[in-house]
Amino acid sequence: MSNAEDNKSSHDQLSSQVFLDLVDSVIADVASECHRVARLGLDRDLEVVEEELRLSVEARAKVADPSNNLETNTKYVVDIFGQSHPPVATEVFNCMNCGRQIVAGRFAPHLERCMGKGRKARAKATRSTTASQNRNSRRNTSDNNQLASGPPGFEENVRRT
Amino acid sequence: MKHSVNRPPTPDEDVTESPERDELTLGEIINIKLVESGEKENLMELVRDRLVESGWKDEMRIACREHVKKKGRKDVTVDELIRAITPKGRASVPDAVKEELLDRIQNFIRSAAL
């Protein structure tokens, strides 16, 4: 009797073992198949989810990054051809008035001085006669302009600028 | 006398075979018999069919995908996947399938007269 029972339990154990063996084989098959699909990128759904995840992480990082990127973007705007323009034009050419080499971005201020149209121009070179002439002319214009009530400091401010 | 004449005796065929036999466990013997009779292959096919029908395989595939999503698809290894799904896999075999298989295996063991 006990022999038969022993046999049975050992049989059970054996058969369980065989069964588990079989199941493990099938599990290995499934794992192998899924591994192949994953590595070869055959699962479109997985790819889409991955791509979206990646893009959202990138976007988050870009927003969170306080420094460089934003600044450089506003300073160096990229146009549709992919060219970036520095805020101050850097090309150098010859002034047609004085013949000097001028940076394009500084051309307007240069012309002011060069052609004597600006305030700072001749006022620096000739203080004596033209300065007093300018002061008089400026006084008239300022009265006409109604820009200032004519405080004593007004001319000083004008001359300085 | 030349050295070649004094070679050691060739090992006896019978002497080597029986020690090997004695060292085999019962489980290994059964396995050998299963394979030799072709029953192992039948059982494999049966298990596969049953597990596919019951949706077990699909569940396992989903579990694999989840794992791949977590770990990133470039780094996964087969071993990793197997380790990840085996506990769940073993536990989720439908009882009916398990019983059918165990029954068949036990019949085989009994008929193998061990």
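Labels below follow one simple rule: chain letters A, B, ... track the order of the sequence lines, proteins then strands, and each chain is numbered from 1.
A salt bridge links B:Arg48 with A:Asp29; the closest basic N to acidic carboxylate O contact falls under 4.0 Å.
Within the model, atoms OG of A:Ser16 and CG of B:Leu101 stand 11.0 Å from one another, a figure rounded to the nearest 0.5 Å. Note that the OG atom of A:Ser25 and the CG atom of B:Leu43 stand 11.0 Å from one another [nearest 0.5 Å]. Taking OG1 of B:Thr86 as the start and CG of A:Asp24 as the end, the distance is 5.5 Å to the nearest 0.5 Å. Distance CD1/A:Ile27 to CG/B:Leu81: 12.0 Å, rounded to 0.5 Å. Between the CG atom of A:Leu14 and the CD atom of B:Gln106 there is a distance of 9.5 Å, given to the nearest 0.5 Å. To the nearest 0.5 angstrom, B:Glu28 atom CD is 11.0 Å from A:Gln17 atom CD.
Contacts with chain A were tallied for B:Lys57, B:Met60, B:Arg65; B:Arg65 has the most, counting heavy-atom pairs under 4.5 Å. With chain B as the partner, the residue from A:Asp21, A:Leu53, A:Asp43 showing the most heavy-atom pairs under 4.5 Å is A:Asp43.
The shortest side-chain heavy-atom distance between B:Lys40 and A:Leu22 falls under the 4.5 Å cut-off. Here the side chains of A:Glu33 and B:Arg61 are in contact, with some heavy-atom distance below 4.5 Å.
There is no contact between A:Gln13 and chain B, counting heavy-atom distances below 4.5 Å.
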